[in-house]
Structure formats: structure tokens, C-alpha cells
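Below: one structure, written as C-alpha cells.
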Amino acid sequence: MDIFLHKRTPAVTFEEVIRDYEQPLYWHIRRMVVSHDDASDVLQETFINIYKGLPSLREKAALRSWVYRIATNECIRFLSRRKEQALTEENAFLAEQLESSPGVDLSDGAALRFQKALLSLSPQQRTVFTLRYYDDLSYEEIAEVTGSSVATLKVAYHYAKEKIKNAIIA
Amino acid sequence: MEKEFENIGKKMPYTVPEGYFDAMHVKLSAIPARQKRVLAFRWISAAAAVVLVASVAFFTFRSRPQETLVSDILADYEQFLSDEELDSWVDFSDNDVFLDLMDE
């Protein structure tokens, strides 16, 4: 009988996750999908999945990589709905959205160029670069998010950085 | 921070509407209540479907007495039998040892 009455206390409450990760996850998603409206939709989907999966989270220490993994998967799923487009077309579409959608400050040329360069990367490279550069995740945490090895991620980050540097100079 | 990008840092050209995060916080906080409603609706829909199927089955079979149902099936079956087949069926019934035992 006890088994029916016992309900495991989650490592962290949903309210705490919203408080700590609402904004970081929004900006992570925004960098991936560009449009504010799309980012809002993906953010809500992400939090629905976080709510559903929270009871199975055993350690609070794993929370950060876990929530970023859910958000990243939602971004990839969202982007793959337009999969019929080739990668270059997809990147061109995102770059166009960057300049045409509301909620983008076009006056800061340097920041705009940097984001455009970021959008020339593949979604996987963009994920690695933004998680490391903007969100300060360790390579070990990014490995948990993406399922790749630390060595692969280091190489991917290096290539992404070089690609951005070249795109800014060009 | 990479020294190559020092002048840009973490600056982004993206902005959000005024009060966006406050409004989003309210929306996200409502997820547990919304999910519970969705779950309750699914249970009710599933239960309603079971009741509907059970009711249809109950009223369908209750309206036809069992004997009528069996005799109808036999009548339908007999239509497809030839005269020779019917004769052999009758012979078989007459010589059935188990039926004879039951008659005794």
C-alpha cells in the first residue's frame, strides 16, 4: 500500500527551474531560431517537456545540461520541420529573418555581423559554439547536451570560431 | 571570452517586447495546471470511449435472443449447402454416437 502513497520529491521544483532558466533558455533558443515569436513557441514547448520529465530527474547537479538538452532538441526539431530546404538555404533564411523580423536592433553593426556569422554555421556547430561562448557551459556539460565526445566538441568549437572569424573579416 | 571577439563580447542584436519575461513567467507557471487539465481530459475521453463501446455491444447483443441468433446463423448456412451435403449432414446427425447417448 505504501508504494501507492509514496511520491518521490523531485530534485528541484518546476517553479525553481522557471526562475533560474526562463531567460537563459529563451536567449539560447533565440540564437538558434532567430525569430522572437518562434523562440517563444519553442520556449513553451521546452518547459512543457521539462515539466513532464522533472519527476525523473535524480540529481540537481545534472539540471543545467538536462534543461539545455531539452531546449536544444526542441530547436533542432523546430528547424528540421523546414528540412526540405538545403542547409545553405536554411541558413540564408535565418540570416534574412535576422534583418527583417521585429525585435532585432539593426543599428549595432558589429553585433549584427557576429550573429550573421553564427547563422552561417550548421545547427550542430551553432549549438556547440553558443553553449560554450554565451552560456559558459563546460565541454563536459555540452557533451551531455549533445551526446558527442569532449574531443569532438573541442574540434567543432575551434572550427566554428575560425569560421566566424573569417566571416566577420570578409 | 575569446580574445578575438573581445570587442563584441556577448552583445546580441536581439530585443524582446517590454514586459515580455514577466508575461512569459505567468504563462510558464500555468503549465502544471494546464497539463493536469489535459491529462484529466484524456482520462475522461478514454473512459467515455470505453462506456460507448460497451453500451453499443450490450444493446446490440441484448436485442437479439441467443436462440434466434444461432438459428439465423444455421438458416444462413443451410442456404449455401447442396442437397447432397444436406443429406450427408442428416446422416451424420442420425449416426452420431454422442447424440444417441444424449437421447438415451
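First the proteins, then the strands, lettered A, B, ... as listed; each starts at 1. It should be emphasised that the depicted structure is a prediction, and the values quoted were computed from it without experimental measurement.
Only the side chain of I168(A) comes within contact range of chain B, with heavy atoms under 4.5 Å apart. In this structure, the portions of Q23(A) lying under 4.5 Å from any heavy atom of chain B include both its backbone and its side chain. For Q115(A), the part lying under 4.5 angstrom from a heavy atom of chain B is the side chain only. Residue S40(A) touches chain B through both its backbone and its side chain, counting heavy-atom pairs closer than 4.5 Å. With a threshold of 4.5 angstrom between heavy atoms, F14(A) approaches chain B through side-chain atoms but not through N, CA, C or O. With a 4.5 Å cut-off on non-hydrogen atoms, K27(B) touches chain A through its side chain but not through its backbone. For L98(A), the part lying near chain B is the side chain, with the backbone staying farther off; criterion is any non-hydrogen pair under 4.5 Å.
Residues that satisfy the ring pair (Phe, Tyr, Trp, His ring centres under 6.0 Å) test with F114(A), not counting sequence neighbours, are Y133(A), F5(B). Residues passing the side-chain hydrogen bond (donor to acceptor under 3.5 Å, both in side chains) test with K116(A), sequence neighbours excluded: E99(A).
In this structure, a donor-acceptor pair under 3.5 Å is present between the side chains of S65(A) and E144(A). Of the N and O atoms on the side chains of T127(A) and H28(A), not one donor lies less than 3.5 Å from an acceptor on the other residue. D105(A) and S107(A) form a side-chain donor-acceptor contact under 3.5 Å, judged by distance and modelled atom types alone. Side chains of Y68(A) and R64(A): a donor-acceptor N/O pair is absent below 3.5 angstrom, by distance only.
Residue V53(B) belongs to no hydrophobic cluster, having no ILVMFWY side-chain heavy atom closer than 4.5 Å to its own.
Both the sub-6.0 Å distance and the 45° axial angle are satisfied by R31(A) relative to the ring of Y134(A).
Look at D135(A) and K10(B) and you find no salt bridge, because none of the NZ, NE, NH1 or NH2 atoms lies under 4.0 Å from a carboxylate O.
In terms of heavy-atom pairs under 4.5 angstrom with chain B, the leader among I18(A), I50(A), L43(A) is I18(A).
Against chain A, no residue from residues 37-49 of chain B qualifies, as none has a non-hydrogen atom under 4.5 angstrom away.
A pairwise comparison of heavy atoms in L54(A) and T13(A) identifies CD2-C, 3.8 Å as the closest pair.
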